[in-house]
Each structure stands twice: as structure tokens, then as C-alpha cells.
Protein chains: 2
Amino acid sequence: MTDATLPEQIALKLRRDILRGTLAPGDPIKERDNALDLGVSRTPLREAVRILAKEGLVLLRPSRSPVVADPSLKEVRDAVVVLQALETLSGELACREASDAEIAEIRALFERHHALSETAEGDALIELFEVDMAFHTAIARASHNPALAETHAAYLARMWRQRYLSAVQRRARERVRSQHENIVLGLEARDPARVGAEINAHLAALINNLTRLFEAREAGRDTTSNERDIE
Amino acid sequence: MTDATLPEQIALKLRRDILRGTLAPGDPIKERDNALDLGVSRTPLREAVRILAKEGLVLLRPSRSPVVADPSLKEVRDAVVVLQALETLSGELACREASDAEIAEIRALFERHHALSETAEGDALIELFEVDMAFHTAIARASHNPALAETHAAYLARMWRQRYLSAVQRRARERVRSQHENIVLGLEARDPARVGAEINAHLAALINNLTRLFEAREAGRDTTSNERDIE
DNA sequence: CAATCGCATCTGGTATACCAAAAATCTGTT
DNA sequence: AACAGATTTTTGGTATACCAGATGCGATTG
């Protein structure tokens, strides 16, 4: 018996497919076909789809195939604003609640992210990005508020794809590194105001970055230097 | 016209049962029995349980009956802290985004709540409370950030029962009224700092209130523990 | 030739039957 | 009488069969 329940496993697989682009935004997810493809029955696949729907990755429509979500700029921005509030709160609480070991772990993730960010190319970018996610998730967990950590993780997952596109850009890496470092320093000093301000700034920059990305995508395919073609 | 899907309807019924106390915390929710009781099959009931699980009202355990959640004081407090952040953000955004009509609606809810709070007794307390919920929900919606409103609503629902127990108390009503009024005034002045501070204070008071309630309940539980053992 | 009506089919929603794991109980032994 | 093991029963997990509604295509008619 595996730790993860079957619907969770299916959800995980579908999530990766969605976020990597194998399942393009707008694609319908037909219960029967996908169930057959994965060799499972419709029931657990159905549950998996519900999980993804709750995460905001797929859209449920009454009496219609669920479709992979294709969030507008406003929707992404709205979500990041919430994420900003959640993560700022996490950081402030972590200053009070986190153990030294947890803060050390956060620093370790920062260092690893930094190292990877200098060399990573191609497929390694996914690892780079997963370390990035782990960094932010670790902060949320360090708040010692499970509900907060869970909601934070949900928002993070919801924007996996957008954040991925953003994190891949070379131009943003130096800024990200410096902001991450400031966050870590703030945590080590256990200075809530500083950590809060740094996280706020970090996510505000993310919003700008995503906005630019969206506008570039709207404009056309000419700007291929940073944006990798997924579809 | 199936505005409400069957699982949603079931979830609604179970939610009311849980929050009104018909289904006591710790009670198992057995798929078969409940499905038979409600005259539906296990499949939609199963989905309903998942919905409630995502809302935090029931706890899912691997290979075990889901049980009605019985949150500890820390869990409730953690959730309120998140709610505080979400609602504060809502209020601040609402100052910028809300239409005059929306703010007027919020004021109307405040007036209605105030009026009810002077007279309500017995069953009318539920209406009083629902107006209270509507007031806070309206603020979240006035942020014009659907994701935020949705998450906020989820947290509100999760703590329906705790908030209900708190809101029923006579002693807190005057404080609640004055804080609600300050929030409305802040919104009408479109002063984010003021609204944020007032909402923060309001929910901080809620935390205190809930803490007191929990301590009272713990004391009461000890005296009745013998009866429970005898059955 | 186009528009519309109807039928075939595809899709999700629901019910039910089957399976495997876990809990409780009962029995046999010490 | 107490403890351990096995069996039975209860439970959730999964697969599948059935149903109703929506959709798209095609034929027929104006």
C-alpha cells in the first residue's frame, strides 16, 4: 500500500502535465479517456479532477467537460496579492515561532537555490524552480500555523505554471537572489518588520514580472529570448 | 435547472448539521449509513464529504471513517489569524476597489445586524449570526478579488460554529457593534489604514473571546467526564 | 443552397456491486 | 482469568453499469 491515495497520485500526475504544458490551457479533461489512459476507473480520476479544481488548476462546468484553467492577468494578479498577504504573515509569524533548525533549513534552501540559479539550464530549470518553491513553502511551514501553510501551498500550486515562466527568466535571477537573501537575514535576525517588508517586495516584483510576461505573450511570439515555447 | 449539484446539496445539509451541533465533533460520518439516510448513493455523499473536508469541517483519515472536526484552541486561533490577514487585506482593497453601492450595502448589513442584535433571542440568533457573516462576506467581495473572497469565505465557513458560539454572547455585542461601525466609517472614508486597523482589532477581539470560550468549555468538560464514561 | 429539426452519440452524474484492509470480538490456550 | 491469534464484520476504496442531458452532424425541406 502506498502512502499517497490513488486519487492523489492521479492528481499529482495531471498537475505535472498541466504545469509542464502537456495539458494545454483550455484542454478538456474527459473522464473516460483519461481514466482509460491511466489504467484506472472513472471514480478516482473524478476525485482527482475535483482536487485540481479546488486548487484552481481546472475549471468545473456543469454538464460539461472540465477544462484546464487559463487564468487571465487579473486572476493571476489577484492570486499573487493573496499569496503576498499569506506569505508576509508567514514570515512575520516565523520570526516568532520558527526553531533555529528551521531557519537554518531555509538558509540551506536559499544557498542551494542560489547555486543552481547560476548554472541551471534546460531541464535543470525544473529543479531550480522546485527549490524555489521549497524555499517559500519552508517559510510558510516555519510559521507553525498548519492552516496558513496549507492555504499558502494551495496558492503556490495554483500559480505553479505562471511562477515557473517567471522564474526561468535570467534577468530576474539576481534580484531574486538578493531578495531571498534579505528574507533569510531578516529571519535570522528574527525581525518581523524586515521579513514582512522583504517578502512584500519580493512578491510585488513577481507581480510586475508576471504582468510583463503577460503583455509579452499578448503582443506575440517575437520575444523568444526568455519565454520558452510550451504550447 | 440544477443550480445546486447533488453533492453540494448534501454538503449543505451536512454542514448545517455539523454547525448546529446535530452532528457532534468527533462523530464518524459513515458513507453507507448517511447515504441510506439521505436516500442517495454513496458516490455523491462521498463527494460531499470531500467538500466538507476541504473546508476543514470534517477530517479525512486513511482507511477510516471521516470524523467531524473537533478543532483545538490552537487550530481555531491559527485559523482566525489567517482570517484576520485575509479580511484586513479585503478591507484595504475594498477602500480602493469597492463601488459606492457596495459600501452602501455593507452599511445596510451593519444597520440590520445592529437592529437584530438588540432584540434577537433563541432561534432568531441564527439570523443575527447569518447577517454577521454576510457583513464580513460583503467586505471580502468588495475587494473585487474573487480568489480572496473565496478563500475568505472558506475560512469563515470553517469556523462557523466557533463564531456562532462567540456571537451569541450578549456581553460581546456592544463591542461588536462599535467595531463594525468603525469599519463601515473607514470604508466610507475610503481610508485603508483605518479599515485595516479596525478589522485587525475586531478579529483580535474574536480571538480573545474564543480563547475564553474554550477555557470555559474545558472546565465544563472535566465535570461531565464521568457521565460520558458510564454511558 | 441554407436553415432547421431530429437522431445518434458522447459526456458527466448517479447508483451499485465487488474488493481489500482494519477493527473488534470471540475462542482457545496458558 | 488474561492474553494472543484468528475470524468475522464493518468500512472505505475502486470498478462498472446505467441514466439523463447536451452537442454535433446529417438529412430533409422551404
Side-chain angles (χ1 to χ4, degrees), chain A residues 1-18 22-70 150, chain B residues 1-18 22-71 228-231:
Chain A
M1 193 61 178
T2 53
D3 275 36
T5 164
L6 184 53
E8 279 292 352
Q9 291 177 29
I10 300 172
L12 183 67
K13 192 217 177 311
L14 289 177
R15 195 178 306 137
R16 294 192 79 94
D17 283 352
I18 291 174
T22 311
L23 258 55
D27 276 6
I29 303 194
K30 299 178 223 182
E31 285 192 359
R32 257 172 261 265
D33 295 2
N34 285 72
L36 217 61
D37 285 356
L38 297 171
V40 299
S41 117
R42 286 174 56 202
T43 316
L45 184 130
R46 187 182 177 69
E47 274 201 35
V49 169
R50 301 308 164 118
I51 292 174
L52 297 178
K54 145 190 138 197
E55 291 176 2
L57 287 177
V58 307
L59 244 53
L60 252 45
R61 305 172 302 176
S63 304
R64 202 72 124 269
S65 279
V67 293
V68 177
D70 189 8
E150 190 187 324
Chain B
M1 277 261 302
T2 56
D3 256 301
T5 163
L6 183 53
E8 279 292 353
Q9 291 176 28
I10 300 172
L12 183 67
K13 193 219 176 308
L14 289 177
R15 196 178 305 133
R16 293 193 80 93
D17 283 352
I18 290 174
T22 311
L23 256 57
D27 277 6
I29 302 192
K30 300 180 223 181
E31 290 192 355
R32 258 172 259 265
D33 295 3
N34 286 71
L36 217 62
D37 285 357
L38 297 171
V40 300
S41 114
R42 286 175 55 201
T43 316
L45 184 130
R46 187 183 177 68
E47 274 201 34
V49 169
R50 300 308 164 118
I51 293 174
L52 297 178
K54 144 190 138 197
E55 292 176 1
L57 287 177
V58 306
L59 243 53
L60 251 46
R61 306 170 303 175
S63 304
R64 202 72 123 268
S65 278
V67 292
V68 177
D70 188 9
R228 285 164 43 109
D229 288 345
I230 295 170
E231 192 195 352

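Numbers restart at 1 for each chain; the letters A, B, ... are given by sequence-line order, proteins then strands.
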Practice task
Take A:Leu23 and A:Val58 through the side-chain contact (heavy atoms from CB on, under 4.5 Å) test and state the conclusion after the steps.
Solution key: CA-CA 11 Å; A:Leu23 258 55; A:Val58 307; over 6 Å; no
Problem - Residue pair A:Leu57, A:Arg15: steps toward the side-chain contact (heavy atoms from CB on, under 4.5 Å) verdict - result: CA-CA 8 Å; A:Leu57 287 177; A:Arg15 195 178 306 137; 3.4 Å; yes
Handout entry: Test log, rule side-chain contact (heavy atoms from CB on, under 4.5 Å), inputs A:Glu8 and A:Leu12
Key = CA-CA 6 Å; A:Glu8 279 292 352; A:Leu12 183 67; over 6 Å; no
Practice task
Starting from the C-alpha separation in whole Å, work towards a yes-or-no answer on side-chain contact (heavy atoms from CB on, under 4.5 Å) for B:Val49 and B:Leu60.
Solution key: CA-CA 9 Å; B:Val49 169; B:Leu60 251 46; 3.9 Å; yes
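Closest approach of A:Ala11 to A:Ala48, counting heavy atoms only: N-CB, 3.7 Å. Between A:Ala69 and A:Pro25, the shortest heavy-atom distance links the atoms O-CB, 3.7 Å. Between A:Leu45 and A:Ala35 the shortest heavy-atom distance is CD1-N, 3.5 Å.
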Practice task
Let me have a per-nucleotide readout for nucleotides 18-23 of chain D, 5' to 3', with B, S or -, counting only protein heavy atoms under 4.0 Å.
Solution key: B----S
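Between the CZ atom of A:Arg61 and the C1' atom of C:dG12 there is a distance of 11 Å, rounded to whole Å. One can place CG of A:Leu59 at 14 Å from P of C:dG12, the figure rounded to the nearest angstrom. A:Leu36 has its CG atom 14 Å from the P atom of C:dC10, to the nearest Å. Distance, B:Asp33 CG to D:dT11 C1': 10 Å, rounded to whole Å. When rounded to the nearest whole Å, the span between CG of B:Leu45 and C1' of C:dG13 equals 15 Å. Atom CG in B:Leu38 sits about 14 Å away from atom P in C:dT14, given to the nearest Å. The nearest whole Å value for the distance from the CD atom in B:Glu47 to the P atom in C:dG12 is 13 Å. Between the CD atom of B:Glu31 and the P atom of C:dA15 there is a distance of 13 Å, rounded to whole Å.
Of the candidate nucleotides C:dT14, D:dA15, D:dG13, D:dG13 has the atom lying nearest to any side-chain atom of B:Arg50. Checking C:dG13, C:dT11, D:dG13 against every side-chain atom of A:Ser65, the shortest atom distance belongs to C:dT11. Each of C:dT14, D:dG12, C:dG12 was ranked by its minimum atom distance to the side chain of B:Lys30; first place goes to D:dG12.
For the pair B:Arg61 (side chain) and B:Ser65 (backbone), a donor-acceptor distance under 3.5 Å is present.
Side-chain nitrogen and oxygen atoms of A:Ser41 include at least one within less than 4.0 Å of the OP1 or OP2 phosphate oxygen of D:dA15.
Contacts of B:Pro7 with the nucleic acid, taken as non-hydrogen atoms under 4.0 Å apart, involve only primed sugar atoms and P, OP1 or OP2. As judged by a 4.0 angstrom heavy-atom cut-off over every strand, B:Ile29 is placed among residues touching the sugar-phosphate backbone only.
The OG1 atom of A:Thr43 sits 10.0 Å away from the CD atom of B:Glu47 when rounded to the nearest 0.5 Å.
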Practice task
Kindly express the pairing pattern of DNA chain C in dot-bracket notation, using | wherever a base pairs with another strand and counting only Watson-Crick or G-U pairs under 3.5 Å.
Solution key: ||||||||||||||||||||||||||||||
